[in-house]
Amino acid sequence: MSEWLAAFAGESSAIGDLARDAAADPGWPQGPHELGVFREHVEDQGAVEAALEGLEQAWEQYEVWS
């Protein structure tokens, strides 16, 4: 998911915000590609509800893409 997400870094959207945050986060998970792994990481970083919603949106689009 990380490589896919990076393509959205220039967008002005919740997914773009997530992509920029992931790019700036040296601890961003590189796998396995399971929503729970990414969700746990984002929650551990103190994410607000909007960030979690952005993650959910990104995951739904990632699943369609993959």
Side-chain angles (χ1 to χ4, degrees):
M1 177 179 171
S2 298
E3 288 182 31
W4 172 86
L5 186 60
F8 296 90
E11 290 192 8
S12 178
S13 67
I15 296 174
D17 290 343
L18 178 65
R20 288 184 293 280
D21 289 346
D25 181 354
W28 183 257
Q30 298 302 309
H33 295 288
E34 297 174 2
L35 176 58
V37 171
F38 295 100
R39 187 181 222 340
E40 182 177 330
H41 179 76
V42 171
E43 287 175 338
D44 287 348
Q45 301 304 308
V48 297
E49 188 61 33
L52 295 172
E53 290 172 9
L55 175 61
E56 296 284 340
Q57 290 174 3
W59 187 259
E60 289 173 10
Q61 289 186 27
Y62 172 71
E63 284 191 313
V64 169
W65 175 82
S66 65

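For reference, positions follow the sequence shown, starting with 1. Scope of the values below: all heavy atoms of this structure, side chains included, with no hydrogens, waters or symmetry mates.
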[X] to [Y] - nearest heavy-atom pair and separation:
| X | Y | value |
| --- | --- | --- |
| His41 | Gly27 | CE1-O, 3.2 Å |
| Gly54 | Ala14 | CA-CB, 3.9 Å |
| Ala47 | Ala51 | CB-CB, 3.8 Å |
| Leu18 | Leu55 | CD2-CA, 3.7 Å |

Legend entry - Asp21: side chain to side chain donor-acceptor pair (under 3.5 Å) partners, not counting sequence neighbours: none
Inset, instruction - Please list, chain by chain and in numerical order, all residues satisfying side chain to side chain donor-acceptor pair (under 3.5 Å) with Gln45, sequence neighbours excluded. - result: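 Applying side chain to side chain donor-acceptor pair (under 3.5 Å) to Gln45 gives none.
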Inset, instruction - Take Phe8 and Arg20, measure what side-chain contact (heavy atoms from CB on, under 4.5 Å) needs, and give me the verdict at the end. - result: CA-CA 8 Å; Phe8 296 90; Arg20 288 184 293 280; over 6 Å; no
Legend entry - Glu56 backbone acceptor or donor facing Arg39 side chain under 3.5 Å: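 Not at all, since once roles are kept as given, no pair shorter than 3.5 Å links the two residues.
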Legend entry - Side-chain donor or acceptor of Ser2 paired with backbone N/O of Trp28 under 3.5 Å: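 Answer holds: no.
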Inset, instruction - Show your working on side-chain contact (heavy atoms from CB on, under 4.5 Å) between Glu11 and Asp17 and close with a plain yes or no. - result: CA-CA 8 Å; Glu11 290 192 8; Asp17 290 343; over 6 Å; no
Inset, instruction - Determine, stepwise, if the pair Glu40 / Asp44 fulfils side-chain contact (heavy atoms from CB on, under 4.5 Å). - result: CA-CA 6 Å; Glu40 182 177 330; Asp44 287 348; 3.8 Å; yes
Legend entry - Heavy-atom check, side chain of Leu35 versus side chain of Glu63, under 4.5 Å: no
Inset, instruction - Report yes if the side chains of Trp65 and Gln61 come closer than 4.5 Å at any heavy-atom pair, otherwise no. - result: no
Legend entry - Greater than 12 external heavy atoms within 6.0 Å of Glu49's CD: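 Yes.
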Legend entry - Same apolar cluster: Ile15 and Val64, side chain cutoff 4.5 Å: no
Inset, instruction - To the nearest 0.5 angstrom, please state how far the CG atom of Leu52 sits from the CH2 atom of Trp59. - result: 14.5 Å
